[in-house]
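Letters go in sequence order (proteins before strands), and every chain restarts at 1. None of these values were measured; they are calculated from a predicted model.
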There are 2 protein chains.
Amino acid sequence: MNEPASRKTLPRLDESLLTHLPPFSRLEKRQIRTILDQATSRRYDSGVAIFEEGHPAERFYMLLDGYVRVIRITPTGEQVTALHIPAGQLLGIARALGRVTYPATAMTATESIVLSWPTRLWDTFVAEYDGFATETYKTLGHRVGEMNTRIVELATQQVEQRVANALLRLINQTGRKVEGGIEIDFPITRHDLSELTATTLHTVSRLLSGWEKRGLVLSKRKRITVCDPHALVLLGQG
Amino acid sequence: MNEPASRKTLPRLDESLLTHLPPFSRLEKRQIRTILDQATSRRYDSGVAIFEEGHPAERFYMLLDGYVRVIRITPTGEQVTALHIPAGQLLGIARALGRVTYPATAMTATESIVLSWPTRLWDTFVAEYDGFATETYKTLGHRVGEMNTRIVELATQQVEQRVANALLRLINQTGRKVEGGIEIDFPITRHDLSELTATTLHTVSRLLSGWEKRGLVLSKRKRITVCDPHALVLLGQG
DNA sequence: GTCGGAATTTGCTCTGGAGCAAACTTCCGC
DNA sequence: GCGGAAGTTTGCTCCAGAGCAAATTCCGAC
């Protein structure tokens, strides 16, 4: 807990953390240094809120490592996952959309490392760093596209297709090759998956069991491996 | 049809068209003049596409009058309405999100008047006109919020609630007071409403019939009047 | 190891709302 | 005024998937 000699290097973050990430990729080392010096770094346990819907958007964040679910809670207390955010993306950028409160809650799905800056710096970043705005809006555009897709899925597809597609998206974003297939590399329960696809954990469980019998997936507690992605793609299209 | 003396004023658009609209509201008359001179004005019939999903985003648009539905078409040919856009808003602003193609199709729901500019001017507008970017991102933020709400609705609510909420949103955006209630001031069919709420026209029809018997709404062909908004609000919450 | 809680599986029932079919109504063009 | 097309209503059937209940398995804490 104590750093004998090099105490000052402990909190000092390395520039290489950011250089390859889209919103910062075009910046000079010196600029990144400045940005990092203004940042607060923090580790979150799995399953805790980084920020909450409706609260004033005081900070914006960069997910360095881990995985975050953006969720909304309905009046009746159900959770709906609106979006998944993988490491390397900004989140909580309410300011970019002219909002003063967070429109949703961000919840870690794994242990996560997050940088953050006070929202008042947002405008500075946009003004001073070339490409910063463009790149973040590109990410945003991507998210809007995802949300659109999700609306279409919810509106037209059957549960089986939705779950298949959700799995495919998850392995695309966070798949890790293991023998026998591609594994989702963070713990995910049937219940999580049901919130992602707007169904019940029972139905998800039944589907997975069925697929496992057919050799499409392999699932243990909190862990899912896709063995035959192609077959899932077919299922996903109905 | 012919302008005897003042022919040259015919195609000339009046500055007042834009002065009160958010993205332009902070601009000087001279600037608005320039913007208008670069614009193409066009009238669309009801039910035609202004631009289509996947096509290169060559222009961006301002809906001056009318009403537009932003739709997506599924592989199986069904239409899903993702968003409704009322007069006074920009649309087709793919550029703002770093996209080179339109992410969805925009279809007029009524006869509409639309201004448009070549996409290459987008960056100019953002750079030159103070507040333009901020204001458009605010609109965008609003739309993201709406999409989020829609996802939650689709994921958790029953059809009756969704239809009730859709109606309420429509009268909020485009309601016109008439005796006996508030009327949606553009023609909308049961089928349109079913695409908006991800159900079938049959179910919508049954619901409306039921509500009409209870005195909540009044509906004719392509026309719906809400008589008791409060009761609908209650229905909408389940 | 053993205990307890969390996650998962599975069976059974019940229903919202889709799907299909058919009649009816309204409107528009000739 | 007379078709015919577009929009609407209504009845009936059927099933995907929710809801409930219970058993089982897994895992971490002690």
task = Please list, by residue number, the residues of residues 206-224 of chain B whose heavy atoms come closer than 4.0 Å to an atom of DNA chain C; answer none if no residue qualifies.
result = B/Arg206, B/Arg221
inquiry  = Given the structure, check if the side chain of A/His202 and the base of C/dT10 hold any donor-acceptor pair shorter than 3.5 Å.
reply    = yes
message = I want to check something: taking the side chain as every heavy atom from C-beta on, are B/Glu195 and B/Val80 in contact at a cut-off of under 4.5 Å?
response = no
request  = Evaluate the ring planes of A/His84 and A/Tyr67, with Trp represented by its six-membered ring, and classify them as parallel (under 30°), tilted (30 to 60°) or perpendicular (over 60°).
outcome  = perpendicular
ask   = Contact class for A/Ser205 vs. all strands (heavy atom < 4.0 Å): base, sugar-phosphate, or nothing?
value = base
query = A/Thr76 and A/Thr74: side-chain hydrogen bond (donor to acceptor under 3.5 Å, both in side chains), yes or no, with the steps?
reply = CA-CA 5 Å; A/Thr76 60; A/Thr74 67; 3.1 Å; yes
ask   = How are the rings of A/Tyr102 and A/Phe51 set to each other: parallel, tilted or perpendicular (split at 30° and 60°)?
value = parallel
query = Do side-chain atoms of B/Thr119 reach the backbone of B/Glu58 as a donor and acceptor pair under 3.5 angstrom?
reply = yes
ask   = Under a 4.0 Å heavy-atom cut-off, which of residues 69-83 of chain A touch DNA chain C?
value = none
inquiry  = Without decimals, in angstroms, what is the distance between A/Leu193 CG and C/dT9 P?
reply    = 11 Å
request  = Please check the phosphate of C/dA18 (OP1 and OP2 only) for any side-chain N or O of B/Thr199 closer than 4.0 Å.
outcome  = yes
inquiry  = With a 4.5 Å cut-off on side-chain heavy atoms, are A/Arg143 and A/Val70 touching?
reply    = no
Distance, rounded to the nearest Å, where B/His191 contributes NE2 and C/dG19 contributes P = 11 Å
ask   = Rounding to a whole Å, what distance do you find between B/Gln158:CD and C/dA18:P?
value = 11 Å
message = So A/Thr149 and A/Asn165, do their side chains get closer than 4.5 Å, heavy atoms only?
response = no
message = Do A/Glu78 and B/Val152 make a side-chain contact, defined as non-hydrogen atoms from C-beta onward lying under 4.5 Å apart?
response = no
request  = Examine distances only and state if a side-chain atom of B/Thr108 and a backbone atom of B/Val48 form a donor-acceptor pair shorter than 3.5 Å.
outcome  = yes
Below 4.0 Å: OP1/OP2 of C/dG17 and any side-chain N or O of B/Thr203 = no
ask   = Should the heavy atoms of other residues, nucleotides or ligands under 6.0 Å from NE2 of A/His20 be counted, would the total exceed 12?
value = yes
inquiry  = Nearest whole Å is fine: how far is C/dA7 C1' from A/Glu195 CD?
reply    = 14 Å
request  = For DNA chain D, note the earliest and the latest nucleotide, 5' to 3', having some atom under 4.0 Å of a heavy atom belonging to chain A.
outcome  = D/dA16 to D/dC27
Stepwise salt bridge (Lys or Arg N to Asp or Glu O under 4.0 Å) test for B/Glu146 and B/Arg169 = CA-CA 10 Å; B/Glu146 257 185 70; B/Arg169 241 174 286 131; 5.9 Å; no
